[in-house]
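All of these numbers come straight from a predicted model, not from anything done at the bench. Protein chains get the first letters and strands the later ones, always in sequence-line order, with residue 1 at the start of each.
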Amino acid sequence: MSLDRLKNCFERCAAENRAALVGYLTAGDPNPAASEKLLDVLASHVDIVEIGMPFSDPMADGPTIQAASERALAAGTRMRDVFHIALSVRKAHPAAGIVLMGYANVAFAMGYEYFAEQAALAGVDGVLIVDIPPEEAGDFTRALKAHKLCGIRLVAPTSSTARRKLAAEIADGFIYYVSLNGITGAEMGEISEIRTQVDALRQQAKLPICVGFGIKTPEQAHAVAAFSDGVVIGSHFVNCITAHEDNEPAMLSELDKTCAAMRAAMRKGGVGED
Amino acid sequence: MSLDRLKNCFERCAAENRAALVGYLTAGDPNPAASEKLLDVLASHVDIVEIGMPFSDPMADGPTIQAASERALAAGTRMRDVFHIALSVRKAHPAAGIVLMGYANVAFAMGYEYFAEQAALAGVDGVLIVDIPPEEAGDFTRALKAHKLCGIRLVAPTSSTARRKLAAEIADGFIYYVSLNGITGAEMGEISEIRTQVDALRQQAKLPICVGFGIKTPEQAHAVAAFSDGVVIGSHFVNCITAHEDNEPAMLSELDKTCAAMRAAMRKGGVGED
Amino acid sequence: MYDFEIRHPPDAGGHFNGFGGKYAAETLMGPLAELEAAFYASWEDPEFQAERLRLLQQYAGRPTPLYHARRLSEEIGGAQIVLKREDLAHTGAHKINNTIGQALLAKRMGKKRVIAETGAGQHGVASATVAAMFDMQCDVYMGREDMRRQAPNVFRMELLGARVIPVDSGTATLKDALNEALRDWVASCENTFYIIGTVAGPHPYPLMVRQYHVVIGQEARAQSLEQFGRLPDMAIACVGGGSNAMGLLHPLRDDDIRLVAVEPAGYGLDGDDHAASLAAGRPGILHGNLTYLLEDDEGQIKGTHSISAGLDYPGVGPELAAMYEAGRLELETADDNEALQAFSRLSLCEGILPALESSHALAAAMRLAAKMKPEQMLLVNLSGRGDKDLDTVMQKTKEDAT
Amino acid sequence: MYDFEIRHPPDAGGHFNGFGGKYAAETLMGPLAELEAAFYASWEDPEFQAERLRLLQQYAGRPTPLYHARRLSEEIGGAQIVLKREDLAHTGAHKINNTIGQALLAKRMGKKRVIAETGAGQHGVASATVAAMFDMQCDVYMGREDMRRQAPNVFRMELLGARVIPVDSGTATLKDALNEALRDWVASCENTFYIIGTVAGPHPYPLMVRQYHVVIGQEARAQSLEQFGRLPDMAIACVGGGSNAMGLLHPLRDDDIRLVAVEPAGYGLDGDDHAASLAAGRPGILHGNLTYLLEDDEGQIKGTHSISAGLDYPGVGPELAAMYEAGRLELETADDNEALQAFSRLSLCEGILPALESSHALAAAMRLAAKMKPEQMLLVNLSGRGDKDLDTVMQKTKEDAT
Ligand SMILES: Cc1ncc(COP(=O)(O)O)c(C=O)c1O
Ligand SMILES: Cc1ncc(COP(=O)(O)O)c(C=O)c1O
């Protein structure tokens, strides 16, 4: 089921000659109720919804997403809220891909098996845990597989050829290529360098390749869309929340606009490519 | 000359059946001019005038005499003022014993020889330097002797028999028995103990024995006078200056009364002895 | 005295009986592999080891003495208390053993910049110190709250030429500084060496830091035999991340000696105001390794409290977790007040001001010694000196007076 | 490494070529004789020496390392600079060598109370430290002005159980504290041992303190031969009273080594704001001995100034005066700014924060090393660590910024 849904997303996009738009928000940010609405807006624009599980110590995230985690936790967000939000996205957007993103300890504290079961019940398609590399992924991957969830794998500029091969082998759903050595929200790397890397990665991996980290403008997104199967936008969307503290309607409308602009940038070829 | 004058002082007192009164003030305290008048008052009551040479670091003195030194130095007192004051005492009180008391560095800085010459010219009879013990006294004693000045020696409760003998041998004028292990102005020791010590000292020394350190009341003075040849009063007299800061007439009159009371206490036998 | 055998190594993935490992972001997996290879190669390199030992001896002041605290032992009337004097090491704590090792490794790897996280400032100072000596750029991450509490150490680092970067995220203390250092490293790993300050973090850090600190226990073992003709019956150390504990205890692991770790009970184990990860935590994953953590039921890391900033950390080195679960490590705790009392007692009895961290070990040691016999011997790691804690103690004394 | 021969002893009266002696009040002559006898007897007593060595090693952390400051030497481009690391001794300076010796002697003499004077607080802390270990009452005299400047050391002493007695007389600094301690001792000598902090005071203090410190030079000599296969060409130390200087230099006196003492030039030798007794003073008598003093034309002792409280004293040990007049001691000075620069340079180049006292020696050493050849070797006594000086340096840095 889940495997199929992500696959379908990419196929649909390919058919429309565009890259998939993968959009991230932290669940529970700025509070569970508002978050549910925000993710609904997000899901109405993007192909794949990436739902961040808030964590007290988000070591791979920059200030924007750190703050989102802090807001969500301060508002009392718990894992059942995360799953509830996922489920409501699933219900309203049956075709959307849904991926949970987060840190190992949250899943470990639940128990990998129970975590996977709950995710599956919530209609989630895939899971990306930043700090469970392939070397430590054994039990976790088994739990995901048992519930037909995709284990998304990251590949970074520092990943060796051997590691890229390993990621390609064990990944499901898609490969997430991190476009820079750094944290979320940093400045994006050189487009030409990213393209070279993605092209090379294609030789090793049959899965779709999404590119993320640091993409902030429709122009950047369009440029990346040209040679990737999907473009991940995170901090840029979270900023819609940050910019309108306590003003929910403003958040929602800005997110709506921002998503629409990014969605438009997904088409392959055209202005951005010239 | 000098040797004779001190000797005469004690003989005169003995003839009058009293102990000699030895009175101390710091030269230049609170300033050279006032000090000259204060010492004149002092000399009119006491048998032997002990003139303190102010020093920046009076290690053997308690707070009262330390402060006197500080006042004198702050008022610009120099050694020529000290000698000038001694000379004016000499002129007004031809029969008075005059002893300079102080610390080694002041005499050393002048040169022992020049120091002794100046002292002799000022009519001084004896010199007591707190921190030149017999062991270090060679050059200094020679200089004093060359100018017929008495080298007064201290004996302390901690002085060994050998040291007492040494002091008795090399001393001139009188022996100054320190009645306590401590600094000037401290509490006086046990009278009976002091008496025992003085009596014992008489077996070794033919010189007159004066007792000092910590004697503050006529009663104490009277008790000490009973078995000694002289009683040294220091801090108690200096307090007359301390008590009347900036009020010279008051200082002078209080010193006059205080000296008179002490002088009266010098008689041997009588009330204090009962 | 010293030997270079790696005893009780972790498995190839850096696991100690399941604990530890490499729970790191993909970007760091390459640099960690490179680090691991460089560490093992350097460990086998006699020249590297000779240079490391030279610096430990001639620069850091090793061996540190083993001192029989006679007066204290007598007053307590139980076991003889013997102190391993890491307080005399350069910069005032055991931390320098590790930073010398890592800085040498950084140099060998051609890195021109080092970064470090610090809580109390001791590891930051030790890092800034070796960076100065090796002419490397040094940035130290420190929670803004800790910078306020430990201002003199901030100034020390600056005098040593390091830049201290305030961390405002999270609780603005040690764990957040570690997060921030990891974030820096992810972006800078090509030219930057991350000097972790304790036996935590992803493999090979827990192994590497342990190996740089085992000189403590190796010396203590040899000194004990030489000075007293015997080994101690018990050895005891405080645990923040566990570097001074592993340094002392690991080389005694195969001896018939009771090994005791002391965790900070803060205001008491009842509430959340402590940092006793083994005593009150459970296994979880943080900062690159699987270990005991203080967390809520959903795995969110808890804020901690200890009067000693160096113990104020919600995790513990994975090898300690493994030794604890294997029954080879006994557990004790000491709260803020017990630590303060031990601080005062050692100062008054022996003329040694212990670090508040070490005071936790001392507090437990005094308690345990009292139940032992005078012919028994208890070895305590005096991991650092208390000079850095004067402000804290002064303030506490003032508070208690009012 | 150590030997117990008393080389170049003074004459029977404690004179070194006329300097020194026993210029004390009669009351103290008895106690001084008693002390002298006890010192000589203890020096010949193998048990006493063994216990002293045991404490120096196991308590104070001797031998302290000899460290080749490679980076600094390279940057200067002259002689190789080698540091004797007294900064690593317990309590952070060489002072502990002396207080261990004197406290052991006090114990042997049955004294239950010790007193001390202190300026920077280092000797006070070292005295309070040994008093705690030996279970003796300890009162430390300290100028009120110095107490304000060195508040952390005051608190350290109090934590060690000592009473710090403020001195308001005179300039309220070190010389006045010494006066006050002498006043106490005159009254208390029966049950009290006065621990003087440097190679000054009446005989036998200058000899005694020197003998307690020669371990520094004996070690350095042996370490130099062992580590570098040679002796240094020059040895250099700062001079307050001269204890760290005599400790390092005296055992090298009979070698073909240039010996250099560095005095504090404060704001400059032109005015009175310095404490360079040998460079700018003349012979006089103070605090029980004849030596070089800073005084006016009538022998009144001058107020002094140095940025380092430990050098802020208007006299110098008599044996240094004798060696200086005999031409066996070269003289250099370093002013406040040069000392601060040396402080900063060693911190940045070698990761060692030197005491401001020691920074004077370093300043002169750098100057001299620059004129020497790279194959020559210059040994510097790093007499203490700079942690105690952080406030002073911080304030100075702030002042310079505005
Ligand atoms: C003196 C001292 N002891 C102990 C610790 C705790 O660290 P660890 O448990 O790694 O030894 C610290 C940390 O700063 C410290 O400074
Ligand atoms: C570190 C240090 N060095 C030097 C001195 C100066 O004393 P001395 O000349 O006796 O070595 C002091 C005195 O406090 C000191 O603390």
Asker: So which of A:Ala67, A:Gly62, A:Pro58 has the biggest tally of heavy-atom pairs under 4.5 Å with chain C?
Answerer: A:Pro58

Asker: Search all heavy atoms of A:Gln66 against all heavy atoms of C:Ser169 and return the closest pair with its distance.
Answerer: OE1-CB, 3.3 Å

Asker: Give the member of C:Ile301, C:Leu182, C:Asp168 that has the highest number of heavy-atom pairs under 4.5 Å with chain A.
Answerer: C:Ile301

Asker: Is it the backbone or the side chain of C:Ala24 that comes under 4.5 Å from a heavy atom of chain A, or both, or neither?
Answerer: backbone

Asker: Within a reach of under 6.0 Å around CG of A:Asn239, are more than 12 heavy atoms found that belong to other residues, nucleotides or ligands?
Answerer: yes

Asker: Testing the basics here: between C:Arg183 and A:Asp61, what is the closest heavy-atom pair and its distance to 0.1 Å?
Answerer: NE-O, 2.9 Å

Asker: Quick one: which of C:Pro283, C:Cys189, C:Pro202 has the most heavy-atom pairs under 4.5 Å with chain A, could you say?
Answerer: C:Pro283

Asker: Say whether, by atom type as modelled, one donor and one acceptor occur between the side chain of A:Glu135 and the main chain of C:Gly13 under 3.5 angstrom.
Answerer: no

Asker: Under the side chain to side chain contact (heavy atoms under 4.5 Å, CB included) criterion, do A:Phe55 and C:Leu286 qualify, and how do the steps go?
Answerer: CA-CA 11 Å; A:Phe55 182 50; C:Leu286 182 70; 4.1 Å; yes

Asker: Using non-hydrogen atoms and a 4.5 Å limit, figure out which bit of C:Glu34 sits close to chain A: side chain, backbone, both or neither.
Answerer: neither

Asker: As a test of understanding, state which of A:Asn105, A:Asp57, A:Val106 forms a side chain to side chain contact (heavy atoms under 4.5 Å, CB included) with C:Glu295.
Answerer: A:Asn105

Asker: Does any heavy atom of chain C fall under 4.5 Å from the side chain of A:Arg163, the backbone, both, or neither of them?
Answerer: side chain

Asker: With a 4.5 angstrom heavy-atom cut-off, which part of A:Pro134 approaches chain C: side chain, backbone, both or neither?
Answerer: side chain

Asker: With a 4.5 Å cut-off on side-chain heavy atoms, are C:Val186 and A:Met59 touching?
Answerer: no

Asker: Given a strict heavy-atom distance threshold of 4.5 Å, which part of C:Asp296 is in contact with chain A: side chain, backbone, both, or neither?
Answerer: neither

Asker: Considering non-hydrogen atoms only, spot the tightest contact between C:Arg282 and A:Ala109 and give its length.
Answerer: NH2-CB, 3.8 Å

Asker: Using a 6.0 Å cut-off, check whether atom OH of C:Tyr40 has over 12 heavy atoms from anything other than its own residue.
Answerer: yes

Asker: Against chain C, label A:Ser160 side chain, backbone, both or neither, depending on which of its atoms sit under 4.5 Å from a heavy atom there.
Answerer: neither

Asker: Taking all non-hydrogen atoms of both residues, which atom of C:Thr27 and which atom of A:Val178 are closest, and how far apart?
Answerer: OG1-CG1, 4.5 Å

Asker: So for C:Leu293, is it side chain, backbone, both, or neither that comes closer than 4.5 Å to the heavy atoms of chain A?
Answerer: side chain

Asker: Under a 4.5 Å heavy-atom cut-off, does chain C meet the side chain of A:Leu73, its backbone, both or neither?
Answerer: side chain

Asker: How about A:Glu136 and C:His15: does a side-chain donor come under 3.5 Å of a side-chain acceptor?
Answerer: yes

Asker: Between C:Ala25, C:Ser188, C:Gly288, which residue shows the highest count of heavy-atom pairs closer than 4.5 Å to chain A?
Answerer: C:Ala25

Asker: Between NE2 of C:His287 and CG of A:Asp131, what distance do you get to the nearest 0.5 Å?
Answerer: 10.0 Å

Asker: Around atom NZ of C:Lys107, are there more than 12 heavy atoms from other residues, nucleotides or ligands closer than 6.0 Å?
Answerer: no

Asker: Mind ranking A:Pro157, A:Ser69, A:Ser159, A:Ala167 by heavy-atom pairs under 4.5 Å with chain C and telling me who comes out on top?
Answerer: A:Ser159

Asker: Looking only at heavy atoms, which two atoms of A:Met79 and C:Glu298 are closest? And how far apart?
Answerer: N-OE1, 2.8 Å

Asker: If I measure from the heavy atoms of chain C, does A:Phe108 come under 4.5 Å with its side chain, its backbone, both, or neither?
Answerer: side chain

Asker: Go through A:Gly182, A:Ala60, A:Ala156, A:Ala186 and name the one with the most non-hydrogen pairs under 4.5 angstrom from chain C.
Answerer: A:Gly182

Asker: Need one label for C:Pro31: side chain, backbone, both or neither, based on atoms under 4.5 Å from any heavy atom in chain A.
Answerer: side chain

Asker: Would you confirm whether C:Glu26, through its side chain, and A:Pro133, through its main-chain N or O, come within 3.5 Å as a donor-acceptor pair?
Answerer: no

Asker: Quick one: what part of A:Met110 sits under 4.5 Å from any heavy atom of chain C, side chain, backbone, both or neither?
Answerer: neither

